[in-house]
Participant: 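Structure provided below as structure tokens; questions to follow.
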Amino acid sequence: METLGQDLSGLYQDQADETHKERVLTGLSGLLAQIDDPLLDAFAADIAAAQQAIADSTPATLVSALDMLAAALTPSTFVKIVVQFSTLLCL
């Protein structure tokens, strides 16, 4: 995650940098592989959608795609996952 964070910072600073863009997309693929679990499907779907938005972005639309990723990674997203998991355990 540290490398992904650095690449995201680099991409945000230079939105036309294809090297950082490819590194971010690779990092997100690795993250998605690590969270491949039915309990995390909703979370993974949001990250995958943001990944696709980044892949499809131009320098003019990149900030919007990065904002989409930021929304997917907010603490409230983690809280929703924990609540869903807790509900499943109670069933």
Participant: For residues 54-61, run the donor-acceptor check on the side chains, cut-off 3.5 Å, and write out each pair with its distance to 0.1 Å, sequence neighbours left out.
Facilitator:
residue	atom	partner	partner atom	Å
Asp56	OD1	Gln52	NE2	2.9
Asp56	OD2	Gln52	NE2	3.2
Ser57	OG	Ile54	O	2.7
Thr58	OG1	Ala60	N	3.3
Thr58	OG1	Thr61	N	3.4
Thr58	OG1	Thr61	OG1	3.3
Thr61	OG1	Thr58	N	2.9
Thr61	OG1	Thr58	O	3.4

Participant: Where do Val24 and Leu4 come nearest, in terms of heavy atoms and distance?
Facilitator: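 Heavy atoms only, the tightest pair is O-CD1, 3.7 Å.
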
Participant: If the condition is side-chain contact (heavy atoms from CB on, under 4.5 Å), which residues does Asp36 pass it with, not counting sequence neighbours?
Facilitator: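 Listed in chain order: nothing, the list is empty.
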
Participant: Could you grab the distance from atom NE2 of His20 to atom CD of Gln15, nearest 0.5 Å is fine?
Facilitator: 12.5 Å

Participant: Does any part of the side chain of Val63, heavy atoms only, come nearer than 4.5 Å to the side chain of Tyr12, both counted from C-beta?
Facilitator: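 Yes, close enough: below the 4.5 Å cut-off.
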
Participant: Side-chain contact test, heavy atoms from C-beta onward, threshold under 4.5 Å: evaluate it for Leu69 versus Leu8 and give yes or no.
Facilitator: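 Yes, side chains in contact.
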
Participant: Could I get the full list of side-chain contact (heavy atoms from CB on, under 4.5 Å) partners for Ala48, not counting sequence neighbours?
Facilitator: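 Expected list: Leu32.
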
Participant: Mind jotting down which residue pairs meet the salt bridge (charged side-chain N to carboxylate O under 4.0 Å, His left out) criterion with at least one end in residues 22-32? Sequence neighbours excluded, please.
Facilitator: Asp7-Arg23

Participant: Could I get the full list of salt bridge (charged side-chain N to carboxylate O under 4.0 Å, His left out) partners for Asp17, not counting sequence neighbours?
Facilitator: none

Participant: Rounded to the nearest 0.5 Å, how far does CD of Glu18 lie from CG of Leu25?
Facilitator: 9.0 Å

Participant: Are Leu11 and Met68 connected in the hydrophobic side-chain network, where two residues link if heavy atoms are under 4.5 Å apart?
Facilitator: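 No, separate clusters.
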
Participant: Sequence neighbours excluded, which residues qualify as side-chain hydrogen bond (donor to acceptor under 3.5 Å, both in side chains) partners of Ser29?
Facilitator: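 Testing Ser29 for side-chain hydrogen bond (donor to acceptor under 3.5 Å, both in side chains), a comparison that skips the adjacent residues, returns Gln51.
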
